[in-house]
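Owing to the predicted nature of the structure, the values given are computational and were not obtained by experimental measurement. Starting from 1, each residue takes its place in the sequence as its number.
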Amino acid sequence: MKKKLVTAAFAMTLLLTGCGSSDDDKNVSKNTGKETFTVGMECNYAPFNWQTKEQTKTSVSIGGAGFCDGYDVRVARQIAKDLDREIVIKKVSWDGLQPALESGEIDAIIAGMTKDETRENGIDFTSPYYESEMVMIVRKGDKAAKFNDIQQFKGKTIIGQKSTNYDTIIDQIKGVKHATPKATYPEMILSLQNKEVDGITAELPVAEGAVEANKDLTIVHFAKGKGFDIDTSVSVGLKEGSRDSELFNAVQKSLDGISKETRDQWMKEARESQPKTE
């Protein structure tokens, strides 16, 4: 009886050891044997990232859901190349990105995310990998299309994306009607087209893509000193406490090696290749 118990215990030890080995190998690609670099993004925020059924030279598979493409994917691929890792893209809702990073489900957030005091409490950010301009998307032909001061939107109904700075800044407009935010830009664009709202806050690349895909919309640029007070740069987010780690330093070094000309070219290509309909 004692011998049988020992044998059973030994078998259990082997089983547990096998499980441990599996866990250790979870970040290694079965195809290439390389360590993976797993990046989270919405795949629904063109031209930074979007989902598509078509494979291109810049897209990355997201399993049975097709592919993810866009500016963020180009950045993620370059970082993975510099790290000598295999790129993996995980489609994660905006609100789920930080929890996915904290749990270790993803190694980094590359999703057009701007660092702020709230996010910096749980994420370590690199220096910006893109800087933009904050504008407003409105219906073409509306009086608002000729505005050049955010305060001219007093009394108008404005919407922003949920859990982003582009929602909170709406209250910088005195007397604005702050609409309940929506989770994605396609939803907000539909609200604008249906005349449920009068404007959408957006970064310039996103706005340019939206009006290219929707000819009934246009962009409002603001005069110097008359626009929103907001940081429009976007950065890569890594796990809190990793700032002095080898991974963080390697990611930052990779970003530093991407010239402004290359970044601008990647954004141009992303805007030209993003889906033309939402």
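- Between Met41 and Ile89, some side-chain heavy-atom pair lies under the 4.5 Å cut-off.
- The line from CG of Asp124 to CZ of Arg119 is 14.5 Å long, rounded to the nearest 0.5 Å.
- Contact annotation: the side chain of Asp116 never approaches that of Asp231 to less than 4.5 Å [non-hydrogen atoms, C-beta and beyond].
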Report the C-alpha distance between Gln193 and Asn214 in whole Å, list the side-chain angles of each, state the deciding distance to 0.1 Å, and finish with yes or no for side-chain hydrogen bond (donor to acceptor under 3.5 Å, both in side chains). CA-CA 9 Å; Gln193 292 172 323; Asn214 301 275; 3.1 Å; yes

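- Side-chain polar atoms of Glu203 and Tyr166 form a donor-acceptor pair below 3.5 angstrom.
- Proximity of Pro205 to Tyr71: side-chain heavy atoms (C-beta onward) are nowhere separated by under 4.5 Å.
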Determine whether Thr114 and Asn165 satisfy the following criterion, side-chain hydrogen bond (donor to acceptor under 3.5 Å, both in side chains), listing intermediate values before the conclusion. CA-CA 8 Å; Thr114 301; Asn165 296 338; 4.7 Å; no

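- Here the NZ atom belonging to Lys195 is positioned 13.5 Å from the OG1 atom belonging to Thr157, to the nearest 0.5 angstrom.
- Counted by atom type alone, Ser59 and Asp69 present zero donor-acceptor pairs between their side chains at under 3.5 Å.
- Linking Ile, Leu, Val, Met, Phe, Trp and Tyr whenever their side-chain heavy atoms come within less than 4.5 Å leaves Leu97 and Tyr185 in two separate clusters.
- No side-chain donor from either of His221 and Asn148 sits under 3.5 Å from a side-chain acceptor of the other.
- Leu255 and Ile109 fall into different hydrophobic clusters, where Ile, Leu, Val, Met, Phe, Trp and Tyr residues are linked whenever their side-chain heavy atoms come under 4.5 Å apart, directly or through other members.
- Classification of Lys268 and Asp264 as a salt-bridged pair fails, no side-chain N sitting under 4.0 Å from a carboxylate O.
- Asn121 and Glu117 are not linked by any side-chain donor-acceptor pair at a separation below 3.5 angstrom, with hydrogens and angles left out of the test.
- Side-chain contact between Glu102 and Glu240 is absent, with no heavy atoms from C-beta onward closer than 4.5 Å.
- A salt bridge does not link Arg271 to Glu212: none of the charged side-chain nitrogens sits closer than 4.0 Å to a carboxylate oxygen.
- Contact check for Ile79 versus Ile110: side-chain heavy atoms found under the 4.5 Å cut-off.
- In summary, the side chains of Asp72 and Tyr129 do present a donor paired with an acceptor at a separation below 3.5 Å, with no hydrogens or angles considered.
- Contact record, Ile173 with Lys154: CG2-N, 3.9 Å, taken as the closest heavy-atom pair.
- Side-chain N/O atoms of Glu187 and Thr184 include a donor and acceptor closer than 3.5 Å.
- Val234 and Leu238 fall within a single hydrophobic cluster, where Ile, Leu, Val, Met, Phe, Trp and Tyr side chains are chained together by heavy-atom contacts under 4.5 Å.
- Under the 4.5 Å side-chain heavy-atom criterion for ILVMFWY residues, a single connected hydrophobic cluster contains both Val75 and Val39.
- Although no hydrogens or angles enter the test, the distance criterion places a donor-acceptor pair under 3.5 Å between the side chain of Lys140 and the main chain of Lys215.
- No side-chain donor from either of Gln274 and Glu269 sits under 3.5 Å from a side-chain acceptor of the other.
- Partner Asp167 forms a side-chain hydrogen bond (donor to acceptor under 3.5 Å, both in side chains) with one of His178, Lys182, Lys162 and no other, that one being His178.
- Residues Val92 and Phe125 share a single hydrophobic cluster, defined by chaining ILVMFWY side chains whose heavy atoms lie under 4.5 Å apart.
- Electrostatic pairing of Lys34 and Glu86 does not count as a salt bridge here, judged by no charged N lying under 4.0 Å from a carboxylate O.
- The closest side-chain donor-acceptor pair between Gln51 and Lys91 falls under 3.5 angstrom.
- In this structure, the side chains of Arg139 and Leu192 come closer than 4.5 Å at one or more pairs of heavy atoms.
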